[in-house]
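Scope of the values below: all heavy atoms of this structure, side chains included, with no hydrogens, waters or symmetry mates. Quick note on labels: first sequence line is chain A, next is B, and so on, each numbered from 1. Remember, predicted model here, so these are calculated numbers, not experimental data.
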2 protein chains.
Amino acid sequence: MPKRVDHGERRRRIAEALWRIASRQGLDGASLRDVAAEAGISLGQLQHYFSSKDAMLVFALEHINEMATERIRDRITALSDEPPAPRTILREIAAEMLPLNDESRTGMLVQIAYFIRAVHDQQLQKHAREGAPALREFYAGLLRSAVERGEVAPDRDPDVEAALFIALVDGLGSYALLGVHTPEEAMGLVDAHLERLFGGR
Amino acid sequence: MPKRVDHGERRRRIAEALWRIASRQGLDGASLRDVAAEAGISLGQLQHYFSSKDAMLVFALEHINEMATERIRDRITALSDEPPAPRTILREIAAEMLPLNDESRTGMLVQIAYFIRAVHDQQLQKHAREGAPALREFYAGLLRSAVERGEVAPDRDPDVEAALFIALVDGLGSYALLGVHTPEEAMGLVDAHLERLFGGR
DNA sequence: TCCTTTGCAGGTCAGTTGTATGGCGAAGTG
DNA sequence: CACTTCGCCATACAACTGACCTGCAAAGGA
């Protein structure tokens, strides 16, 4: 067998370079040459690992979500409470999704870059449509257990509240990116919403 | 005086052509040649009315908001109630912002196209930052009068609820565009939120 | 009638894009 | 030692982009 390299590792490095550029200039502004330069490799090498730009975008998309999921998981397991209350988990996830720090800000920018592409791309749209219900169901499950624990009024529909919460955090994140709110204000608004959803009258 | 044409009219026609393309392919995918073709004119003529692509984008942005505002105003004056209740007005605005029909869908797509550009463009970001408080204050005013009329619990902060409502509608609109929810589902979620905000316990 | 201004068509240009191609060294196999 | 496979580079290419420029026709004023 001839020389061997870890393809996955190289591909991940390239994807990370793509994210850095996408968070700065958007996905459409990221040319293959730019990505190669950012990754510190030649255009030829990049092409060796991704036969087309589309293949690169798809690969990078599939892995940005994994990264975000992992960051959220870390955040939750880092909590002192064991196990954490549903409200705490929801708040932590929101905190990770809002552009409060550099990592999640980059993540959000990349997500938006893919979003704008998905609006005009059938394949990405299908990807979003298929991934969303799982997330919503995860939130709904948290809320169901909150209802069972008596932390949320039983007349609240967990499924509806889950969808509302997701959309709200998304919208707040967008405005925070534009600087319409500071990230801290956005977090305060999330807390206000949670206060109504839980405890609140 | 030599031949005279209505510059404003021509510019508006070009802007409309731009919106049609932007709603199909996004702003970055709209080349000057595409826009000219969509408007049924030559590239030369387009350049006669806009000295640069940027000038065209700025002009089109300034007018898309006017169009949306007018659509919302029409919708409200078309209501049978006189004067309409704050809740009704909020609901109508949300209905106009969600991609329920072709017009507002195009409007939303164009808005998003500008949004993604604003994320990486200082000038557009300033535009957004300066325009947002006025909208928020408008919503807050509606909610204040709703509190005075006893339709909203007095312990709700109109300013906070305004920001939440805006972000929520925005987020729901985004997901509706991706087909994660149908527009009707999104509207149902808005109603669920309003039900909690008004009347609800 | 000449002349100036306006409206617009067409071409050109330099730069960037994604993709395709030809080649060459290294590493292991027979 | 051939020989094959893999990793990678450099270049070329056709398509497209926004900006610029030259030229010409129409319309009125002098």
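If you check every strand for non-hydrogen atoms under 4.0 Å, I41(B) touches nothing. Heavy atoms of L32(B) sit under 4.0 angstrom from primed sugar atoms or phosphate atoms, though from no base atom.
A pairwise comparison of heavy atoms in Y139(A) and A162(A) identifies CB-CB, 3.6 Å as the closest pair. The shortest non-hydrogen separation linking L100(B) to E184(B) is CD2-N, 4.1 Å. Between T106(A) and W19(A), the shortest heavy-atom distance links the atoms CG2-O, 4.3 Å. Pairing each heavy atom of P86(A) with each of L142(A), the nearest pair is CB-O, 3.5 Å.
At most 12 non-hydrogen atoms from other residues, nucleotides or ligands lie less than 6.0 angstrom from CZ of R13(A).
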Report, one pair per line, the protein and nucleotides 22-24 of chain C atoms (nitrogen or oxygen only) whose separation is under 3.5 Å.
none

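When rounded to the nearest whole Å, the span between CG of D6(A) and C1' of dG7(D) equals 14 Å. The CG atom of L43(B) sits 12 Å away from the C1' atom of dT12(C) (whole-angstrom rounding). As a whole-Å value, the separation of Q45(B) CD from dC8(C) C1' is 6 Å. Between L46(B) atom CG and dA19(D) atom C1' there is a gap of 12 Å when expressed in whole angstrom units. Rounded to whole angstrom, the span from the CZ atom of R10(A) across to the P atom of dC6(D) amounts to 16 Å. In this entry the distance linking CD1 of I14(B) with P of dG7(C) reads 12 Å, nearest Å. The distance from atom CZ of R13(A) to atom P of dG7(D) is 17 Å, rounded to the nearest whole Å.
Here the side chain of R33(A) is nearest to one of dA9(C), dT19(C), dC8(D), namely dT19(C).
A salt bridge links R87(A) and E195(A); the closest N-O separation between the charged side-chain nitrogens and carboxylate oxygens is under 4.0 Å. With respect to R196(B) and E161(B), no salt bridge is recorded, no charged nitrogen being found less than 4.0 Å from a carboxylate O. A salt bridge is defined here as a Lys NZ or Arg NE, NH1 or NH2 lying under 4.0 Å from an Asp or Glu carboxylate O, and E70(A) with R75(A) fails to meet this definition.
With the nearest nucleotide of DNA chain C identified for both G29(A) and Q47(A), G29(A) has the one nearer the 5' end.
In terms of phosphate contacts, S42(A) brings a side-chain nitrogen or oxygen within less than 4.0 Å of OP1 or OP2 of dC9(D). Residue H7(A) places at least one side-chain N or O under 4.0 Å from the OP1 or OP2 atom of dG7(D). Regarding contacts with the backbone of dT17(C), a side-chain N or O of S31(A) is found under 4.0 angstrom from either OP1 or OP2.
Within residues 48-58 of chain B, the residues that have a heavy atom under 4.0 Å from DNA chain D are, in order of number, S52(B), K53(B).
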Determine, stepwise, if the pair E103(A) / R71(A) fulfils side chain to side chain contact (heavy atoms under 4.5 Å, CB included).
-> CA-CA 9 Å; E103(A) 258 183 344; R71(A) 280 211 315 279; 3.5 Å; yes
